[in-house]
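What you see is a predicted model; the values in this text were computed from it and never measured.
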Amino acid sequence: MSKNLKGKAEEMLEILEEAFPEGVPTSEIARRLFNRAGMEEKAKVYRLARSLRDQGHMVYGLGGVYYLCTPQKLRLVGEQRSAYLMGTIGGIVVLLRKAESMITELPEFERGELIASFMDLRERLKESLLRMASGL
């Protein structure tokens with residue numbers, strides 16, 4: 001991490017410590033650190049939070065607000081992220097089923113490669129999900 005970003009990460013940690021146990025809106029952190037609260041500055045705040053987590057600080061965003069997390073806040077972050085993940089996985093399953101039904105309607109000569117491609121995608125998804133689930 002560059003010296004400038006390290007300094008900004010330390011500033012962000014100080015902002016969160018001052019507000020603890022309350023959180024600080026992403027836009028406020030961006031304004032305080034970068035004098036603007038545009039998309040680019042908010043993306044920098046996201047990266048700074050990730051850097052702080054890499055350093056062992058429990059800094060997470062929840063509903064547009066960053067917190068120096070307590071176990072209770074971490075539980076809320078976990079619930080939010082797992083709901084998002086389940087929705088994403090459900091969307092992929094629907095996409096695969098829809099694609100399979102569309103493929104069956106294609107002429108035989110067009111099906112082969114597509115079927116193999118979607119079967120490969122399905123298997124990779126299953127393997128990834130099983131690998132992740134085994135770590136729980």
Side-chain angles (χ1 to χ4, degrees):
M1 181 185 307
S2 76
K3 206 176 230 184
N4 187 35
L5 283 180
K6 187 172 184 176
K8 293 291 186 188
E10 289 172 4
E11 283 183 61
M12 180 174 170
L13 184 58
E14 288 173 11
I15 291 168
L16 293 171
E17 286 173 339
E18 287 171 12
F20 185 81
E22 300 300 317
V24 182
T26 307
S27 57
E28 181 181 332
I29 296 170
R31 267 194 296 283
R32 288 176 67 177
L33 295 178
F34 306 109
N35 299 317
R36 290 193 58 220
M39 294 301 288
E40 187 175 320
E41 292 77 22
K42 289 178 183 179
K44 288 178 184 177
V45 169
Y46 171 83
R47 290 192 297 275
L48 291 172
R50 186 177 55 216
S51 295
L52 288 168
R53 286 193 298 275
D54 289 347
Q55 296 172 27
H57 300 285
M58 293 291 98
V59 175
Y60 286 92
L62 185 64
V65 177
Y66 274 92
Y67 296 89
L68 192 54
C69 286
T70 61
Q72 295 82 1
K73 286 280 190 241
L74 284 175
R75 183 185 56 76
L76 291 174
V77 170
E79 286 179 8
Q80 180 190 47
R81 294 199 176 169
S82 59
Y84 175 78
L85 177 62
M86 290 300 140
T88 300
I89 292 169
I92 292 169
V93 169
V94 168
L95 177 129
L96 288 171
R97 287 186 180 148
K98 181 66 176 169
E100 288 171 359
S101 71
M102 291 171 71
I103 290 170
T104 59
E105 296 172 10
L106 292 173
E108 185 68 37
F109 68 92
E110 292 182 28
R111 286 187 212 168
E113 198 173 302
L114 281 172
I115 288 174
S117 173
F118 276 97
M119 293 303 286
D120 178 60
L121 178 59
R122 174 185 272 164
E123 287 306 309
R124 285 186 288 134
L125 178 61
K126 281 182 188 177
E127 289 171 10
S128 294
L129 289 172
L130 288 172
R131 202 171 33 254
M132 284 185 261
S134 69
L136 292 177

Looking at every non-hydrogen atom in both residues, tell me the closest pair between G63 and Q80 and how far apart they are. N-NE2, 3.8 Å
If hydrophobic clusters are built from ILVMFWY residues whose side chains come within less than 4.5 Å, do L62 and Y46 share one? no
Please check this pair: side chain of K42 against backbone of T26, looking for a donor-acceptor N/O pair closer than 3.5 Å. no
R124/D120 ion pair, N-O < 4.0 Å: yes
Within a 6.0 Å radius of atom CZ on F20, are there more than 12 heavy atoms belonging to other residues, nucleotides or ligands? yes
M39 meets the side chain to side chain contact (heavy atoms under 4.5 Å, CB included) criterion, sequence neighbours left out, with none
Give the minimum heavy-atom separation between V24 and A19, together with the two atoms involved. CG2-CB, 3.5 Å
Hey, are the side chains of I29 and L16 touching, using non-hydrogen atoms and a 4.5 Å cut-off? yes
Hphob cluster co-occupancy, L48 + Y60, side-chain heavy atoms under 4.5 angstrom: no
Which value, rounded to the nearest 0.5 Å, describes the distance between M119 atom CE and L121 atom CG? 10.5 Å
Out of curiosity, does F34 fall in the hydrophobic cluster containing I15 (side-chain heavy atoms, cut-off under 4.5 Å, transitive links)? yes
Do you know which two heavy atoms are closest between R81 and G61, and how far apart they sit? NH2-O, 4.3 Å
Could you state whether L76 and M58 fall into the same hydrophobic cluster, counting links through intermediate Ile, Leu, Val, Met, Phe, Trp or Tyr residues with side-chain heavy atoms under 4.5 angstrom apart? yes
State yes or no: do V59 and V77 share one hydrophobic cluster built from I, L, V, M, F, W and Y residues joined by side-chain heavy-atom distances below 4.5 Å, directly or via other members? no
Show me the side-chain donor-acceptor pairs of residues 95-104 shorter than 3.5 Å, one per line, residues at least two apart or across chains.
from: E100; atom 1: OE1; to: R122; atom 2: NH2; distance (Å): 3.1
from: E100; atom 1: OE2; to: R122; atom 2: NH1; distance (Å): 3.0
from: E100; atom 1: OE2; to: R122; atom 2: NH2; distance (Å): 2.6
from: S101; atom 1: OG; to: K98; atom 2: O; distance (Å): 2.8
from: T104; atom 1: OG1; to: S101; atom 2: O; distance (Å): 2.7

Between A30 and A37, which heavy-atom pair has the shortest distance, and what is it? CB-CA, 3.9 Å
At what distance, to the nearest 0.5 angstrom, does NE2 of H57 lie from CE of M12? 11.0 Å
Does a sphere of radius 6.0 Å around CD in E17 hold more than 12 heavy atoms from other residues, nucleotides or ligands, not counting ones at 6.0 Å or beyond? yes
Any idea which heavy atoms bring P21 and Y67 closest together, and the distance? O-CD2, 4.0 Å
So, are E28 and R31 salt-bridged, with charged N and O less than 4.0 Å apart? no
Do you know which two heavy atoms are closest between L33 and K8, and how far apart they sit? O-NZ, 2.6 Å
Side-chain heavy atoms of L13 within contact of L68, under 4.5 Å: yes
Take K44 and E41 through the test salt bridge (charged side-chain N to carboxylate O under 4.0 Å, His left out) and record every step on the way to the result. CA-CA 5 Å; K44 288 178 184 177; E41 292 77 22; 5.3 Å; no
Hey, is the main chain of E113 close enough, under 3.5 Å, to the side chain of S117 for a donor-acceptor pair? no
Is it the case that over 12 heavy atoms from other parts of the model lie below 6.0 angstrom from the CZ atom of R53? yes
